[in-house]
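Small disclaimer: the values here were computed from a predicted structure and weren't measured. Note on naming: letters A, B, ... go to the chains in the order of the sequence lines (proteins, then strands), and numbering restarts at 1 for each one.
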Amino acid sequence: MSGYCENSPSTSVIHGVGVGLRSQHYQHILTNKPSTPWLEALTDNYMADGGQPLDYLEQIRNHYPVTFHGVGMSLGSPGPLDRNYLQRLKERMRQFEPAWVSDHLSWSAYHRHNSNELLPLPYTEEGISHMARKITEAQDFLGERLLVENVSCYVEFRDSQMSEWEFVNGIADEADCHILLDINNIYVNACNNSTQADDFVQGVNPERIREIHLAGYEDRHTHLLDTHGEAIHQPVWDLYRQAIERLGPVPTLIEWDTNIPEYGTLQKQALVAEDIISASSRAHAHAA
Amino acid sequence: MPTLPEIQKNFFAGLFSRDRRIVSALLPSKTLTAQARFDIYRGSVSGLFTKVLAEIYPVCKRLLGDRFFDAMADRYIAVHPSISANVIHYGAQLPEFLEGFEPVSELPYLADTARLEWAWHRAFNARNSMPINTSELESFDENQLYCTAFKLTPGSSLLHSVYPVDIIWQQNQPEVEQPASITLETQDNYLLVRRSGFEVVIDKISHKYWSLLDSISSGLTLGQLSEQHDDMVVQAFLVEAIRHQWFSHFSTINRSSNHV
Ligand SMILES: [Fe+2]
């Protein structure tokens with residue numbers, strides 16, 4: 001498959017630790033132009049026909065490289081992909097020229113109805129080829145490779161035949177797409193499903209990874225919930241350090257979606273991630 | 001072993017109905033039964049749509065109180081599943097739903113308040129537009145004007161209520177800590193909800209202007225309006241409408257082109 005424009009890590013404008021763009025911070029970003037190297041826009045917030053959010057994104061795009069991150073593609077659904085959604089996404093890609101576009105390894109729609117939620121699939125060969133077929137279809141329509149993200153998953157299917165990371169690798173290979181590795185989701189799933197988070201980080205195919213997500217979960221005692229509503233927890237930082245050691249300086253994003261704090265709080269989280277990246281690069285340079 | 005389509009069918013049914021066939025396809029964890037684990041998804045789906053409704057209908061939420069609103073939202077979600085990949089389209093039927101929702105019958109103005117909030121949401125997300133260029137219009141002779149039709153700014157809504165929903169709306173904005181008490185005398189209120197630049201504006205207008213705008217939005221030309229209304233009224237209305245930038249577009253239906 002060679003028809004897609006390549007977004008190779010060496011030529012990409014996306015470097016270092018970015019922040020997820022949220023409406024609460026539009027004014028702050030435009031007024032203060034913080035030194036954040038890139039911003040990730042939640043695509044679904046910019047799908048309206050017009051209005052102020054699109055205008056803000058346009059202004060911000062004039063100052064920052066952006067990536068697109070969406071929840072609406074429903075790449076694992078049983079029915080056909082939503083062509084209207086993809087068409088609108090394509091228009092927005094033309095308008096804002098994001099460095100890349102990502103969505104999730106999940107499904108939301110069941111024929112005419114939509115849960116608008118990131119629902120899991122059993123980890124099976126059937127699931128791999130089903131999802132890969134639809135990713136390929138979406139990539140062909142959009143004309144570029146997608147990044148697909150591992151999701152937080154609260155159930156385990158009896159029929160799963162492999163680990164989550166084998167499932168993710170299988171899809172990425174079969175669809176020839178990139179991976180967005182969410183470290184928080186790996187940790188949440190490991191705790192909820194009694195699996196090993198390290199195995200995922202050591203097993204996932206490094207060639208395919210273009211971006212990392214970091215976020216905070218909420219401890220509900222019987223399980224961890226992926227709320228993106230607090231600071232990144234220590235075990236997630238530890239896992240991130242491991243990932244960076246293995247994968248190198250992959251562009252990393254701080255996600256915060258509920259109880260959104262001041263922009264400075266996000267920048268502080270980004271600094272922690274930057275420190276981890278530079279410590280790892282120093283260690284590698286030293287070893288070499 | 002159930003097939004993937006079967007699993008997805010049961011999973012989805014389990015989210016929105018009492019169907020629990022999916023649970024037998026799931027494993028328990030150390031702390032939760034398979035059922036309890038599946039219920040995490042039920043909770044997050046209902047939480048998501050409740051949040052979407054609360055963002056579109058903050059005034060209704062304030063009028064009902066958080067707990068009542070959330071309970072109402074649960075009932076709405078059960079009968080009105082989302083049919084769009086983007087939640088921006090969710091919640092359009094809430095006004096009608098409230099009309100038939102017995103527990104809110106003591107708040108007869110609630111459905112119209114919801115109509116106003118949906119109109120606001122619709123205007124906020126509508127296509128951008130510019131006010132019409134009047135210089136071209138000014139050069140028109142009477143005959144051309146007669147054949148001219150106007151378009152309201154994209155996303156405009158014309159609302160009518162026997163309750164003062166514009167005041168209810170204003171008094172229940174977040175910055176108003178203590179809403180003034182509102183006299184609910186029933187009288188006709190005519191509103192135009194529209195975009196001006198990126199702002200959403202709620203204009204209270206006269207019945208006459210409301211029905212003129214209603215005719216215009218159904219495509220009638222100025223000539224056709226003059227057949228139903230006094231010429232002076234139509235002229236005065238046009239001046240006002242242009243001054244308030246209610247229109248974003250006009251076109252002249254060229255009668256001489258009929259024989260082309
Ligand atoms: Fe993520």
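Using cut-offs of 30° and 60° for the angle between ring planes, the A:W107 and B:F11 rings count as perpendicular.
B:N86 contributes no side-chain N or O that, together with a main-chain N or O of A:N45, makes up a donor-acceptor pair within less than 3.5 Å. Between the side chain of A:R112 and the main chain of B:I83, no donor-acceptor pair closer than 3.5 Å is present. Judged by distance alone, the side chain of B:N128 and the main-chain N or O of A:G50 form no donor-acceptor pair under 3.5 Å.
To the nearest 0.5 Å, the span separating CG on B:L48 from CG on A:L118 amounts to 9.5 Å. In this structure, CG on B:L4 lies 9.0 Å from CE on A:M131, to the nearest 0.5 angstrom. Here A:D49 contributes atom CG and B:R122 contributes atom CZ; the two are 10.0 Å apart, rounded to the nearest 0.5 Å. Residue B:K30 holds its NZ atom at 11.0 Å from CG of A:N193, rounded to the nearest 0.5 Å. In this structure, the separation between OG on A:S115 and CZ on B:F16 is 5.5 Å, given to the nearest 0.5 Å. Taking CG of A:D44 as the reference point, atom CD1 of B:I88 lies at 9.5 Å (rounded to 0.5 Å).
The candidate from A:D82, A:D159, A:N84, A:V71 with the greatest count of non-hydrogen atom pairs under 4.5 Å with chain B is A:D159. Among B:T31, B:I77, B:I40, the residue making the largest number of heavy-atom pairs under 4.5 Å with chain A is B:I40.
In this structure the side chain of A:N114 never reaches within 4.5 angstrom of the side chain of B:P81, judged on heavy atoms. Looking only at side-chain heavy atoms (C-beta outward), A:E117 and B:S82 stay at 4.5 Å or farther from each other. A:H223 has its side chain out of reach of B:R37: every pair of non-hydrogen atoms, C-beta onward, lies at least 4.5 Å apart. Residues B:F124 and A:P53 form a side-chain contact, since some pair of their non-hydrogen atoms from C-beta on lies under 4.5 Å apart. With a 4.5 Å cut-off on side-chain heavy atoms, B:Y41 and A:C153 count as touching.
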Quick one: do B:L27 and A:F157 satisfy side-chain contact (heavy atoms from CB on, under 4.5 Å)? Show the steps, please. CA-CA 6 Å; B:L27 293 168; A:F157 292 95; over 6 Å; no

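Looking at A:S152, only its backbone comes within 4.5 Å of chain B, counting heavy atoms on both sides.
In summary, of the residues considered (B:D39, B:L32, B:L26), a side chain to side chain contact (heavy atoms under 4.5 Å, CB included) with A:V155 occurs for B:L26 alone.
Between A:G76 and B:Q8 the shortest heavy-atom distance is O-NE2, 2.8 Å.
For CD of B:E96, the number of neighbouring non-hydrogen atoms (other residues, nucleotides, ligands) closer than 6.0 Å is 12 at most.
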